[in-house]
Amino acid sequence: MERLQKIMAQAGIASRRKCEEMILQGKVQVNGQTVTELGMKADPDQDVITVSGKPIKFEKKVYIMLNKPKGVITSASDPEGRKIVSDYLKGVKERVYPIGRLDYDTEGLLLLTNDGEFANLLSHPKYHVPKTYLATVKGVPHGTDLDKLRQGVMLEDGMTSPAEVEYRDVDPDSKESVISITIHEGRNRQVRRMFEAISHPVTRLKRITYGDLHLQNLKRGLYRHLTADEINSLKQMAKSAKPEGSHRKKS
Ligand code: URA
């Protein structure tokens with residue numbers, strides 16, 4: 001017997017939190033009875049569980065790394081008809097959804113899965129695995145500017161946690177430079193806002209790592225399935241990741 005929201009998340013319906021909301025909204029039935037309170041347990045092998053009238057199915061769990069091109073929306077549909085990430089997942093039969101998001105103009109490593117538990121673990125607001133981005137920025141930030149990013153900068157939604165920041169490339173005429181930045185949080189447009197805070201706006205942004213996963217030579221617009229070792233390693237990393245904010249250096 002397992003909690004209903006856990007069974008639903010395992011079946012890939014949505015994250016556990018979203019499944020709880022569905023239960024509270026009266027969308028879930030067990031053996032014909034609508035459940036509206038959290039805490040109920042069920043047996044996925046014996047009980048008939050339906051969500052909005054449809055019986056839940058246990059699909060094979062899939063874990064995918066996509067090299068998202070820029071100009072693509074990280075969402076299941078787009079009313080404006082722009083390209084969405086699932087346009088790049090031809091051949092994936094399972095209904096997968098992204099873990100976190102990349103902006104429309106950001107490219108690079110995006111994870112997708114139908115394992116709600118895994119998605120929940122990796123996107124839990126309290127724990128964030130490190131993610132590295134290559135940011136092409138206008139001009140060449142001074143070393144003291146990069147130090148500010150390393151220590152934390154004040155954004156509208158508060159101080160950022162310390163980041164690891166390195167120069168990667170500097171344009172010969174100093175018009176732009178490429179900086180790698182590793183952050184441990186997942187705030188909206190965080191990297192772009194951090195560079196805006198030091199007056200070096202980002203012109204191109206690419207995520208190259210997620211935890212210990214690296215894009216390597218995966219071509220833009222292509223995807224691959226993660227290996228069992230990669231999946232386990234990410235789970236371990238998320239479980240041992242420090243709570244957000246604890247990366248702050250003690251002064
Ligand atoms: N930071 C950003 O600014 N954009 C992204 O897509 C991801 C991180």
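Counting starts at 1 for both ligands and their atoms, in listed order.
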Considering only distance and modelled atom types, tabulate donor-acceptor pairs under 3.5 Å from the side chains of residues 42-55, sequence neighbours left out.
| residue | atom | partner | partner atom | Å |
| --- | --- | --- | --- | --- |
| Asp43 | OD1 | Asp45 | N | 2.9 |
| Asp47 | OD1 | Asn31 | ND2 | 3.0 |
| Asp47 | OD2 | Asp43 | N | 2.6 |

For a side chain to side chain donor-acceptor pair (under 3.5 Å) with Glu117, tell me which candidate from Arg16, Lys61, Gln10 qualifies. Arg16
Going by distance alone, is a donor N or O of one side chain under 3.5 Å from an acceptor N or O of the other, for Gln29 and Thr34? yes
May I have the N/O to N/O pairs between ligand 1 and the protein that fall below 3.5 Å, each with atom names and distance to one decimal?
| residue | atom | partner | partner atom | Å |
| --- | --- | --- | --- | --- |
| ligand 1 | 1 (N) | Val191 | N | 3.1 |
| ligand 1 | 3 (O) | Arg189 | O | 3.3 |
| ligand 1 | 3 (O) | Gln190 | N | 3.4 |
| ligand 1 | 3 (O) | Val191 | N | 3.2 |
| ligand 1 | 3 (O) | Arg192 | N | 3.0 |
| ligand 1 | 4 (N) | Asp103 | OD2 | 2.7 |
| ligand 1 | 6 (O) | Asp103 | N | 2.8 |
| ligand 1 | 6 (O) | Asp103 | OD2 | 3.4 |
| ligand 1 | 6 (O) | Thr106 | OG1 | 3.0 |

Give me the one residue out of Thr227, Thr113, Asn114, Asp115 that meets side chain to side chain donor-acceptor pair (under 3.5 Å) with Tyr63. Asp115
Residues Glu164 and His184: side-chain donor-acceptor under 3.5 angstrom: yes
Flag the pair Glu94 and Lys57 as a salt bridge only when some basic side-chain nitrogen lies within less than 4.0 angstrom of an acidic carboxylate oxygen. no
